[in-house]
Amino acid sequence: MAGEIWNKRKNKDVYPQWLTINVVKDADGRLTNYIATISGITERKQIEDRLHSLTHYDTLTGLPNRELFNMRLKEAIQRTRQNNSGLALLFIDLDRFKTVNDSLGHNAGDELLQQAAAHVKQSVRESDLAARFGGDEFTVILENITDPQKTQIVAQKIIQALSLPINLRHHQVFISPSIGIAFYPSDAIEIEELIKNADRAMYTAKCEGRNTFKFYSPGMNATALERLTLETQLRLALAKNQFVLNYQPQIDLPSGRIVGVEALIRWNHPEFGPVPPDRFIPLLEETNLILPVGAWALRTGCRQLREWHRLGLYPLRLAVNISVRQYRLDHLVPLLDTIIGETQVDPSCLELEITESIMIENLEATLQIFEALHARRIRISIDDFGTGYSSLSYLQRLPIDALKIDRSFIQNIHTSASDMKITKAIISLAHSLGIKVIAEGIENAQHLGFLKDARCEEGQGYFIMKAMPAPSLTDRLLRRLPDRTGIHDSER
Ligand SMILES: Nc1nc2c(ncn2[C@@H]2O[C@H](COP(=O)(O)O[C@H]3[C@@H](O)[C@H](n4cnc5c(=O)[nH]c(N)nc54)O[C@@H]3COP(=O)(O)O)[C@@H](O)[C@H]2O)c(=O)[nH]1
């Protein structure tokens, strides 16, 4: 007979031992004695515990790993079934984690995951289970859920915790979570289906702007299928010439003259019709297809600009959006050199729009890239300015030609005193640093009037002109047709 026992030291510490009891019999086979042998198994126990920990816990974050999560979910579902209660599964994905990992390196990525894991764990009760599902994905099991809306409070707590600035050893970064929520038994009875549905809800949260949560609904299955179809079709779109560039004019506000255009990509699918960029650009980024498609946009835009210049529309400027995946010195700069060489476009008429968040999350790369662009006389504008918490000292240190005030500020300048003050402050700050300001999203005469009074140099928006295909714009530029500002080119 043998087994594990728990012994107690004088100081009351409890420790495990292995007890073996052997029976001693006399010559006639009668039982006379027992011999108990006790051996220490603390070390063996420690190895077992370590092995258990290695197979069930994530070494980076210390949270239960996917295997333990699956076991716990199975047990929790059994309990829930017995209690006739409900269970919620939260599927959390970190927004923009890949950006930090790609730009700041894997050590920073690891640090970020550790801190994110701690935030998720601290946002839930001791009795709830938070696990690392894999990569930048976390899961939380909430048991005894009778009112599904209560789950919302937990999701909001997680969003709040993960939206605070995260201080890594050498950088401060901002991330946010997208959370999907599915319930047992109402959304799924099988474990795999429950996880899949929470994941689908998370994906919907991501598509609807990130930093938010979504409850699963059956319609999301169709969305997942649609995404897969979209992804397959996107892979073929470039070869099938389904992308086009439209151009939105940018005007000099005092004179109303068109001084530049912003190239905006469009995908015309033969069956789906026009697919908006907000739906396919994130997919291009996830699949890295943004590299060939981004290169196509730069090349097509530069060819068109050269053509406009040839028609006498010099020095019309072209702005092209650059995505985070393209934002690498060893990719972007050689690509620009090739395209400028091929098209013979004047680089001083080419402007790259870099979003404020890409710029600050990649500060080291930013310095090198901006200097390389500057050396080639390529212009740099900071897109969506005002939304990215950037430290203003960067503006002084970097060769920036223009700030583009995000359209969210412009849209509210007449209803929100703070948006009006921020807009004025951005303009005066930029002017004090010798940087030009371009306002986006001018949608009515009031916006235009305010920006002119505030001495904003340039602007674009639906009130002035929407983005249009190159032939229509060429026609317009050459025939000098009036725009919505009422100023005829001939009067400018
Ligand atoms: N990396 C790349 N990103 C690109 C490229 N082409 C577009 N994009 C990005 O996609 C986002 C959505 O673009 P789109 O639907 O084209 O919207 C642009 C304008 O149409 C819109 N806009 C312009 N004026 C107004 C307005 O008055 N009101 C209003 N509600 N919207 C307006 O704004 C979008 C331009 O935004 P921005 O780039 O910030 O100047 C968008 O993020 C594009 O950047 C590409 O080739 N590569």
Side-chain angles (χ1 to χ4, degrees), residues 99 207 209-210 234 237-238 242-251 253 258 260-268 274-305 317-328 331-332 335-336 339 350-359 380-388 402-413 437-448 450-451 456 458-470 473 483-485:
T99 311
C207 291
R210 305 166 187 223
L234 258 186
L238 195 56
Q242 290 170 354
F243 291 117
V244 283
L245 284 188
N246 276 3
Y247 300 87
Q248 184 176 43
Q250 298 175 324
I251 63 162
L253 290 180
I258 295 175
V261 293
E262 178 178 353
L264 294 162
I265 196 164
R266 299 288 177 260
W267 179 19
N268 293 323
V275 186
D278 286 338
R279 275 189 52 215
F280 69 84
I281 286 186
L283 257 178
L284 286 179
E285 280 171 353
E286 275 170 42
T287 51
N288 248 351
L289 284 169
I290 193 71
L291 295 181
V293 175
W296 171 86
L298 263 170
R299 183 171 277 112
T300 308
C302 284
R303 276 189 194 140
Q304 183 58 56
L305 182 65
R317 213 177 54 213
L318 170 84
V320 181
N321 287 282
I322 299 297
S323 126
V324 64
R325 297 262 162 180
Q326 298 171 276
Y327 197 62
R328 279 182 30 201
H331 166 77
L332 191 60
L335 176 69
L336 284 162
I339 292 175
L350 174 62
E351 184 166 288
L352 300 190
E353 290 196 6
I354 316 283
T355 63
E356 190 185 14
S357 53
I358 295 181
M359 177 185 92
I380 301 159
S381 67
I382 306 304
D383 204 5
D384 304 340
F385 191 78
T387 58
L403 295 186
K404 292 191 75 181
I405 308 180
D406 190 62
R407 66 171 178 269
S408 58
F409 295 109
I410 309 300
Q411 260 148 20
N412 299 324
I413 38 181
V437 184
I438 306 174
E440 303 180 321
I442 300 177
E443 289 187 351
N444 55 46
Q446 272 184 317
H447 291 162
L448 185 67
F450 172 88
L451 290 161
C456 176
E458 292 181 15
Q460 65 187 90
Y462 293 166
F463 183 67
I464 298 163
M465 260 182 266
K466 283 197 170 179
M468 59 183 90
L473 186 59
D483 58 42
R484 294 282 305 278
T485 57

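Reckoned from all heavy atoms, side chains included, excluding hydrogens, waters and symmetry mates. Ligands are counted one by one from 1 in listed order, and the atoms in each one are counted from 1 as well. Worth saying up front: this structure is predicted, and the values here are computed from it rather than measured. Just so you know, residue 1 is the first one in the sequence shown, and it goes up from there.
Distance check, rounded to the nearest 0.5 Å: CD1 of I290 to CD1 of I281 gives 5.5 Å.
No hydrogens or angles considered: nothing links the side chains of E262 and Q248 as a donor-acceptor pair under 3.5 Å.
Relative orientation of the W267 and F280 rings is perpendicular, given thresholds of 30° and 60° on the angle between their planes.
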Put together the list of close N/O pairs, under 3.5 Å, between ligand 1 and the protein, could you?
from     : atom 1 : to   : atom 2 : distance (Å)
ligand 1 : 6 (N)  : I265 : N      : 3.0
ligand 1 : 16 (O) : R266 : NH1    : 2.8
ligand 1 : 16 (O) : R266 : NH2    : 2.9
ligand 1 : 24 (N) : Q248 : NE2    : 3.1
ligand 1 : 27 (O) : Y462 : N      : 2.8
ligand 1 : 28 (N) : E443 : OE2    : 2.5
ligand 1 : 30 (N) : E443 : OE2    : 3.1
ligand 1 : 31 (N) : R407 : NE     : 3.4
ligand 1 : 31 (N) : Y462 : OH     : 3.3
ligand 1 : 33 (O) : R407 : NH1    : 2.7
ligand 1 : 38 (O) : E262 : OE2    : 3.0
ligand 1 : 38 (O) : N321 : OD1    : 3.1
ligand 1 : 38 (O) : D383 : OD2    : 3.2
ligand 1 : 39 (O) : D383 : OD1    : 3.2
ligand 1 : 39 (O) : D383 : OD2    : 3.1
ligand 1 : 39 (O) : D384 : OD1    : 3.0
ligand 1 : 39 (O) : E440 : OE2    : 3.1
ligand 1 : 40 (O) : E262 : OE1    : 3.1
ligand 1 : 40 (O) : E262 : OE2    : 3.1
ligand 1 : 40 (O) : K404 : NZ     : 3.4
ligand 1 : 40 (O) : E440 : OE2    : 2.6
ligand 1 : 44 (O) : N321 : OD1    : 3.2

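Nearest heavy-atom pair, I442 versus G459, reported as atom, atom and distance to 0.1 Å: CD1-CA, 3.7 Å.
The residues R325 and E286 are annotated as not salt-bridged, no charged nitrogen and carboxylate oxygen being separated by less than 4.0 angstrom.
Counting heavy atoms from C-beta outward, I438 and K404 have side chains that approach closer than 4.5 Å.
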